[in-house]
Amino acid sequence: MKDGIKRKGIMGGTFNPIHIGHLLLAETARDACFLDEILFIPSGHSYMKDKVEMADKYMRFAMTSLAIENNPYFKLSAIEVERQGNTYTFETLLSLRENEPETAFYFIMGADSLFHLESWKNPEIIFASCTILAAVRDEKGQSAMEEQIAYLEKKYAARIELLPLKEFSISSTDIRKKRKLGHSIRYMVPEQVMAYIEEHHLYQ
């Protein structure tokens, strides 16, 4: 708690599956921005991921729970898993702000998401509801990212901060591909998550 205001980070995503890049990004944001906690919110039905091989939402929720169970600052929310129909980030943010009007929310994302954020439903509500925390790109992409931030700040009066962490090379897509090929995903996901994936024969 800083100045009486709770600072809560939000890690949204399909987490299909959750991997160590997600966890490292969340922990970096918590530490760098003095966040009181990080709320992980697995998506229910994401309207932008229809063509992706998607594990059942309750399985993705379970894997996320296993991944964060040893970090006392990491919390889990079922707000999108329990919602019927498509899930939208702006609706989630409005709901969180309604329940916690005194909390300052920080939405955490990778660098590439910053370039796609305008294609999300009602981006103006997203920008008005939280501060964006984005991982940095490599040096080659740094100038493009700074231009994008300046553009979004001007158009939406957005509040955007960069995190001292470059975008991680591990992705859920790579993990699913490795599983299909029968390759190891050890050290890409927490041990508990890997055991869950193997037990339920996911992504084969």
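Residues passing the side-chain hydrogen bond (donor to acceptor under 3.5 Å, both in side chains) test with N122: none are found, sequence neighbours excluded. In terms of the side-chain contact (heavy atoms from CB on, under 4.5 Å) criterion, residue partners of K57 (sequence neighbours excluded) are, by chain and number, R60, V81. Applying the salt bridge (charged side-chain N to carboxylate O under 4.0 Å, His left out) criterion to R83, with sequence neighbours excluded, gives E91. Scanning for side-chain contact (heavy atoms from CB on, under 4.5 Å) contacts around A195 gives an empty result, with sequence neighbours left out. Applying the side-chain contact (heavy atoms from CB on, under 4.5 Å) rule to L94 yields the partners F90, I125, S129; only residues at least two apart in sequence or on another chain are considered. For S95, the side-chain contact (heavy atoms from CB on, under 4.5 Å) partners are I79, N99, not counting sequence neighbours. Residues passing the side-chain hydrogen bond (donor to acceptor under 3.5 Å, both in side chains) test with T64: none are found, sequence neighbours excluded. By the side-chain hydrogen bond (donor to acceptor under 3.5 Å, both in side chains) test, Y203 is found to be paired with N16, residues two or more places apart in sequence or in another chain being considered.
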Anything under 3.5 Å between a donor and an acceptor, one on a side chain of residues 148-162, the other on a protein residue two or more places apart or in another chain? List them.
| from | atom 1 | to | atom 2 | distance (Å) |
| --- | --- | --- | --- | --- |
| Q148 | NE2 | L114 | O | 3.3 |
| Y151 | OH | E118 | OE1 | 3.1 |
| Y151 | OH | E118 | OE2 | 3.0 |
| Y151 | OH | K155 | NZ | 3.3 |
| K155 | NZ | E118 | OE2 | 2.9 |
| Y156 | OH | E118 | OE2 | 2.7 |
| R159 | NE | T131 | OG1 | 3.2 |
| R159 | NH2 | C130 | O | 3.1 |

For a quick test of your reading: what N or O donor-acceptor pairs under 3.5 Å do the side chains of residues 66-74 make, sequence neighbours left out?
| from | atom 1 | to | atom 2 | distance (Å) |
| --- | --- | --- | --- | --- |
| E69 | OE2 | Q192 | NE2 | 3.3 |
| N71 | OD1 | Y73 | N | 2.9 |
| N71 | ND2 | E27 | OE1 | 3.1 |

Show me the donor-acceptor pairs within less than 3.5 Å that the side chains of residues 102-111 make with the rest of the protein, sequence neighbours left out.
| from | atom 1 | to | atom 2 | distance (Å) |
| --- | --- | --- | --- | --- |
| T103 | OG1 | E100 | OE1 | 3.1 |
| Y106 | OH | R7 | NH1 | 3.0 |

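Taken to the nearest 0.5 Å, the CD1 atom of I197 stands 10.5 Å off from the CZ atom of R176. Between atom NZ of residue K178 and atom CG of residue D174 there is a gap of 7.5 Å, rounded to the nearest 0.5 Å. Annotation: the span from H22 atom NE2 to I170 atom CD1 amounts to 10.0 Å, rounded to 0.5 Å. Taken to the nearest 0.5 Å, the CG atom of L76 stands 7.5 Å off from the CG atom of L39. With values rounded to the nearest 0.5 angstrom, L165 atom CG is found 11.5 Å from D31 atom CG. We find the CD1-CD1 distance between I185 and I20 to be 11.0 Å, quoted to the nearest 0.5 Å.
Evaluation of the side-chain hydrogen bond (donor to acceptor under 3.5 Å, both in side chains) test over residues 180-189, restricted to residues two or more places apart or in two chains, returns R186-E191.
Between I10 and the choices I38, L133, L93, the side chain to side chain contact (heavy atoms under 4.5 Å, CB included) rule is met once, by L93.
A side-chain donor-acceptor contact under 3.5 Å links T28 to the backbone of L24. Using a distance-only test at 3.5 Å, with no hydrogens or angles considered, a donor-acceptor pair links the side chain of H19 to the main chain of G21. No donor-acceptor pair closer than 3.5 Å links the side chain of S172 to the backbone N or O of F15.
The shortest heavy-atom contact between L117 and P123 is O-CB, 3.7 Å. When all heavy atoms of L35 and G9 are compared, the pair lying nearest together is CD1-CA, 3.8 Å. Across S43 and E80, no two heavy atoms sit closer than the pair CA-OE1, 3.2 Å.
Within the 4.5 Å cutoff, side-chain heavy atoms of F40 are placed close to those of L23. At least one side-chain heavy atom of M63 sits under 4.5 Å from a side-chain heavy atom of L202.
Atom CD of Q84 has 12 or fewer neighbouring heavy atoms from other residues, nucleotides or ligands inside a 6.0 Å radius.
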Test log, rule side chain to side chain contact (heavy atoms under 4.5 Å, CB included), inputs M11 and K75: CA-CA 10 Å; M11 277 289 292; K75 309 296 181 184; over 6 Å; no
